[in-house]
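Just follow the structure's listing: the first ligand is 1, and inside any ligand the first atom is 1.
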Amino acid sequence: MTLPRLRPDIGSLPAYKAGQRPAERDDLVSYKISSNENPYPPLPSVLAAINRAAQDTHRYPDPFSRRLVSAIAARFDVPEESIALGTGSVAVCGQIIAAAAGPGDEVLYAWRSFEAYPIWTQISGATSVQVPLLPDERHDLEAMLAAITDRTRVIFVCNPNNPTGQVVTTTELIGFLDRVPPDVIVVLDEAYREFMVGEDMPDGMQLFRGYPNLVVLRTFSKAYGLAALRIGFAVAHETVAEALRKTATPFGVSTIAEEAAIASLEAEAELLERVRALVDERQRVWAALRDQGWPVHRTEANFVWLRLNQESLAFTAACEMAGITVRPFAGEGVRITIAETEANDRVIAVAAGFLQQHG
Ligand SMILES: *Cc1c(COP(=O)(O)O)cnc(C)c1O
């Protein structure tokens, strides 16, 4: 039987490995801490906005999401022309590559980093250039600069880096941006920006005006807790933002997502209280793991990274036994989302037991 002809390179496309859902258990409550989701359910005010917007489901959304664009512009003090929305910032990554890179072009990023970068790059027909992280899990910015060629079109800097949680500081980032050719796009993926509390932490919203080639990515999925509604955005020079609007899925951002995002910006103080509580929990988990003797780096995101190498899957299985589903990267490490206090307590307990058995 003859099957339809597909692009040969699509066969080798890696499937996106989403965080697994835990199996249902009778004996204990399970926790999914594999996708860096927010453990808090939507605020009542956000749910009310979602319910109101649901009444309009028979209508297409505003293709320009003008109400949300103007709310984002006001909140972050950026021009409306500089904002481009997408169905999650994952989609905006794809919009950027579609707008800037094709066959023969190179997309450069650190590795290990966010899985969407190689997938979108391959879909576009461009070539991935992956620069290994430093031994301390941070971006090797010098090596990334050295890897730029005249075919480089897009560079991703994931800050903090998913899955390692390590950051590029403002000083480092500025030093980097000053040396990247101005016709090469630098994407600063700030999916976890709200969880950053350290010193000298960059804020893309402050930096983008100084660099017309800088594209800042933000999402409502993590700190704002709207992962299921698929909404994220870029802030960039207006010429770039316009190109990103052109490469977006038409009517991709639903009215429900738009209204929930607006309501979330209105309730930001309350949401950032929750972020603060998660940051406190992150500190507690990190300190406990360190005290147990784990070589765990401080993290600025809502997850911790354990470089378990060959023991990654064994650790994941031990977590599963305890009713917590983490995200393994076989042969490399395990990413553990900071979540409900009970889930965090179990992580600490599993880690202690694992060290006794394997340490
Ligand atoms: C979660 C995440 C995103 C955003 O995902 P969306 O839900 O598509 O907005 C973007 N970048 C990184 C690095 C992430 O971890």
Side-chain angles (χ1 to χ4, degrees), residues 16-20 32-39 42 65 68 72 83-98 107-121 123 128 130 133 137-139 154-168 186-196 202 204 215-236 244 247-249 252-254 256-258 260-261 264-265 271 275 278 282 299-305 326-327 329 333-339:
Y16 187 92
K17 284 204 198 70
Q20 297 291 306
K32 179 183 177 213
I33 50 174
S34 53
S35 294
N36 299 340
E37 292 153 334
N38 196 315
S65 309
L68 176 56
I72 292 171
I83 299 167
L85 299 175
T87 54
S89 58
V90 162
V92 187
C93 291
Q95 289 159 236
I96 294 165
I97 295 178
V107 176
L108 177 66
Y109 48 86
W111 200 249
R112 167 82 51 190
S113 188
F114 188 38
E115 289 188 286
Y117 307 153
I119 294 175
W120 284 122
T121 302
I123 290 173
S128 273
Q130 302 183 333
L133 294 170
E137 313 281 5
R138 295 182 317 126
H139 278 69
V154 179
I155 303 173
F156 283 96
V157 176
C158 189
N159 205 41
N161 188 46
N162 178 3
T164 63
Q166 300 310 298
V167 290
V168 173
V186 177
V187 182
L188 183 63
D189 186 342
E190 295 194 319
Y192 304 96
R193 179 64 186 81
E194 297 83 358
F195 297 95
M196 293 167 82
V215 179
V216 181
L217 286 187
R218 294 282 180 101
T219 178
F220 286 97
S221 296
K222 308 284 164 53
Y224 296 88
L226 301 182
L229 292 181
R230 315 307 306 125
I231 174 117
F233 62 98
V235 173
L244 302 186
T247 52
T249 303
V253 174
S254 70
I256 295 177
E258 181 181 10
S264 299
L265 290 174
L271 291 171
V275 167
L278 289 169
R282 170 179 86 196
T299 151
E300 293 286 345
N302 64 343
F303 51 84
V304 292
W305 169 248
V326 296
R327 173 72 165 83
F329 296 78
V334 173
R335 190 191 67 200
I336 304 167
T337 306
I338 302 298

Which heavy atom of the protein is the closest neighbour of [atom], given with residue, atom name and distance?
atom	answer
atom 4 (C) of ligand 1	Ser89 OG, 3.0 Å
atom 7 (O) of ligand 1	Ser221 OG, 2.5 Å
atom 11 (N) of ligand 1	Asp189 OD2, 2.8 Å

Is there a polar contact between ligand 1 and [X], counting only N or O atoms under 3.5 Å apart?
X	result
Lys222	yes
Thr219	yes
Ala191	no

Pair Tyr192-Phe303, ring-ring contact (aromatic ring centres under 6.0 Å, His included): steps then yes or no: CA-CA 10 Å; Tyr192 304 96; Phe303 51 84; 5.1 Å; yes
Asn159 side-chain N/O to Glu190 backbone N/O, donor-acceptor pair under 3.5 Å: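 Such a contact is absent between Asn159 side chain and Glu190 backbone.
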Check: Pro163 main-chain N/O paired with Arg112 side-chain donor or acceptor under 3.5 Å: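 Pair absent, no side-chain N/O of Arg112 close to backbone of Pro163.
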Go through ligand 1 atom by atom and flag the ones less than 4.0 Å from a non-hydrogen atom of [X].
X	answer
Tyr192	1 (C), 14 (C), 15 (O)
Cys158	13 (C)
Val90	5 (O), 6 (P), 8 (O)
Arg230	6 (P), 7 (O), 8 (O)

Spacing of Thr337 atom OG1 and Arg282 atom CZ [to the nearest 0.5 Å]: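 Answer rounded to 0.5 Å: 13.0 Å.
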Gap between atom CG of Asn302 and atom CD1 of Ile336 - 0.5 Å precision: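 Here the interatomic distance stands at 12.5 Å.
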Charged tip of Arg193 within 45° of Phe195 ring normal and under 6.0 Å: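 Because its charged atom misses either the 6.0 Å distance or the 45° angle limit, Arg193 does not stack over Phe195.
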Aromatic ring proximity Phe329/Trp305, centre distance under 6.0 Å: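 Centroid distance Phe329-Trp305: below 6.0 Å, so yes.
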